[in-house]
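Chain naming here is simple, since letters A, B, ... match the order of the sequence lines and numbering starts at 1 in each.
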2 protein chains.
Amino acid sequence: MAAAKDKTLNDLFLDTLKDIYYAEKQILKTLPKMAKAANSDKLRAAFEKHEGETEGQIERLEQIFELLGKPARGKTCDAINGIIDEGKEIMDEYKGTDALDAGLLAAAQAVEHYEISRYGTLKTWAGLLGMKDAVKLIDQTLQQEKTTDGTLSKLAESEINYEAAA
Amino acid sequence: MAAAKDKTLNDLFLDTLKDIYYAEKQILKTLPKMAKAANSDKLRAAFEKHEGETEGQIERLEQIFELLGKPARGKTCDAINGIIDEGKEIMDEYKGTDALDAGLLAAAQAVEHYEISRYGTLKTWAGLLGMKDAVKLIDQTLQQEKTTDGTLSKLAESEINYEAAA
């Protein structure tokens, strides 16, 4: 590890890569719980699909660690832990209610937006650092996250929340 | 508070309003620290501008509490606390380096995306609940957050990060 004053964008890139690697692993553990809790079949299917995508995203991160010649290692990410804790709280507090799915959707969208923010940042930095292969890998994941967020937004505006409002 | 099984989308809306109200107040406390830490004048100016906007966003939330006939009260938001803690860690670890501004930008964009996610959810729910005035207020803030995120993205791709990569 470079001494504090010598730290560069390369170090920041690696630190942030470790942060999102930890985050993705936590998300992978949480998605099956969210799928199990969902009342709507469509929402359950969306969570299950994203579980598979998350596995691919973790593999892409491992490829980037390899490009850097560094071991793939996570670093505790307080942000994702906080976001997931809030989701768990909603699952507990709204268990058995018609509003549960709306709450699960909101929690999942907070997760997606955290990822969109982190991958957007990593893509910019990889570009500035001239890491073309990393840019491609990060962009694949970023597009997947944006598509997932769009799917969740459509579900949130459709029958799932109408049931909760009824 | 409604018994667990009777909880509805109205309760979820109010809970989430309390969550983002707490979050905005934490952000308002944090922005001056980020502005002070920034090396770039443009980044400092962006943080200072957003501080003023955040005050307006808090007022809008207070108007929505009033529309609901409820006292404006926050509820600890683990997500924003985690996101802000990560930002503080970056400020400590990269203090005095050329990469600091890139780290500050990344932290600020994680905050923006959390807000975009929460206000997007609240806007959808306000629509489903027939709260037209709330939809308008939330949408004003949502557009402001998206504009801020765009400004930060442009700064992240411009000279600020180039300095860090040099």
Side-chain angles (χ1 to χ4, degrees), chain A residues 2 4-13 15-16 19 77-87 89-90 92-100 102-103 105-107 109-118 120-122 124-125 127-130 149 153 156-157 161-166, chain B residues 2 4-13 15-16 19 77-87 89-90 92-100 102-103 105-107 109-118 120-122 124-125 127-130 149 153 156-157 161-166:
Chain A
K5 285 214 168 176
D6 299 327
K7 280 191 156 192
T8 65
L9 192 59
N10 281 291
D11 299 303
L12 196 53
F13 182 85
D15 281 347
T16 306
D19 173 284
C77 165
D78 293 332
I80 203 70
N81 286 343
I83 294 168
I84 290 176
D85 282 348
E86 277 196 12
E89 213 176 290
I90 292 289
D92 284 343
E93 286 182 17
Y94 286 83
K95 199 177 170 180
T97 74
D98 287 340
L100 177 67
L105 271 164
Q109 288 199 276
V111 169
E112 285 313 300
H113 272 279
Y114 182 72
E115 295 185 274
I116 288 168
S117 141
R118 284 291 178 244
T121 291
L122 284 170
T124 300
W125 292 346
L128 295 173
L129 294 167
D149 184 55
S153 283
E157 286 160 12
N161 278 319
Y162 281 106
E163 284 165 19
Chain B
K5 287 217 166 176
D6 299 327
K7 280 191 157 193
T8 65
L9 192 60
N10 281 291
D11 298 303
L12 196 54
F13 182 86
D15 280 347
T16 307
D19 173 284
C77 166
D78 293 331
I80 204 71
N81 285 344
I83 293 167
I84 291 174
D85 282 349
E86 278 196 12
E89 212 177 290
I90 293 288
D92 285 345
E93 287 182 17
Y94 286 83
K95 200 178 169 180
T97 73
D98 287 339
L100 177 68
L105 270 164
Q109 288 200 274
V111 169
E112 285 312 300
H113 272 279
Y114 183 72
E115 295 186 275
I116 288 168
S117 140
R118 284 291 178 243
T121 290
L122 283 170
T124 300
W125 292 346
L128 294 174
L129 294 167
D149 183 55
S153 283
E157 286 159 14
N161 279 319
Y162 281 106
E163 283 165 21

> Of the backbone (N, CA, C, O) and the side chain (C-beta and beyond), which part of Ile84(B) lies under 4.5 Å from a heavy atom of chain A, both, or neither?
Replying inline: neither
> Checking heavy atoms, do the side chain of Asp19(B), its backbone, both or neither come under 4.5 Å from chain A?
Replying inline: side chain
Might you point out which heavy atoms bring [X] and [Y] nearest each other, and give the distance in Å?
X: Ala156(A); Y: Thr124(B); answer: O-CG2, 3.5 Å
X: Lys7(B); Y: Ala99(A); answer: O-CB, 4.3 Å
X: Leu9(B); Y: Ala102(A); answer: CD1-CB, 3.8 Å

Gap separating the [atom1] atom of [X] from the [atom2] atom of [Y], nearest 0.5 angstrom:
X: Trp125(A); Y: Glu157(B); atom1: CH2; atom2: CD; answer: 13.0 Å
X: Asp98(A); Y: Asp6(B); atom1: CG; atom2: CG; answer: 10.5 Å
X: His113(B); Y: Glu115(A); atom1: NE2; atom2: CD; answer: 12.0 Å

>> For Tyr94(B), run the side chain to side chain donor-acceptor pair (under 3.5 Å) check against Asp15(A), Thr8(A), Asp11(A) and tell me which one passes.
In response: Asp15(A)
Please flag which part of [X] lies under 4.5 Å from any non-hydrogen atom of chain B: side chain, backbone, both or neither.
X: Glu112(A); answer: neither
X: Ser117(A); answer: both
X: Leu122(A); answer: neither

> Do Asp78(A) and Glu89(B) touch side chain to side chain, with heavy atoms closer than 4.5 Å?
Replying inline: yes
>> Counting heavy-atom pairs closer than 4.5 Å to chain A, which one of Gly120(B), Gly130(B), Cys77(B) comes out on top?
In response: Cys77(B)
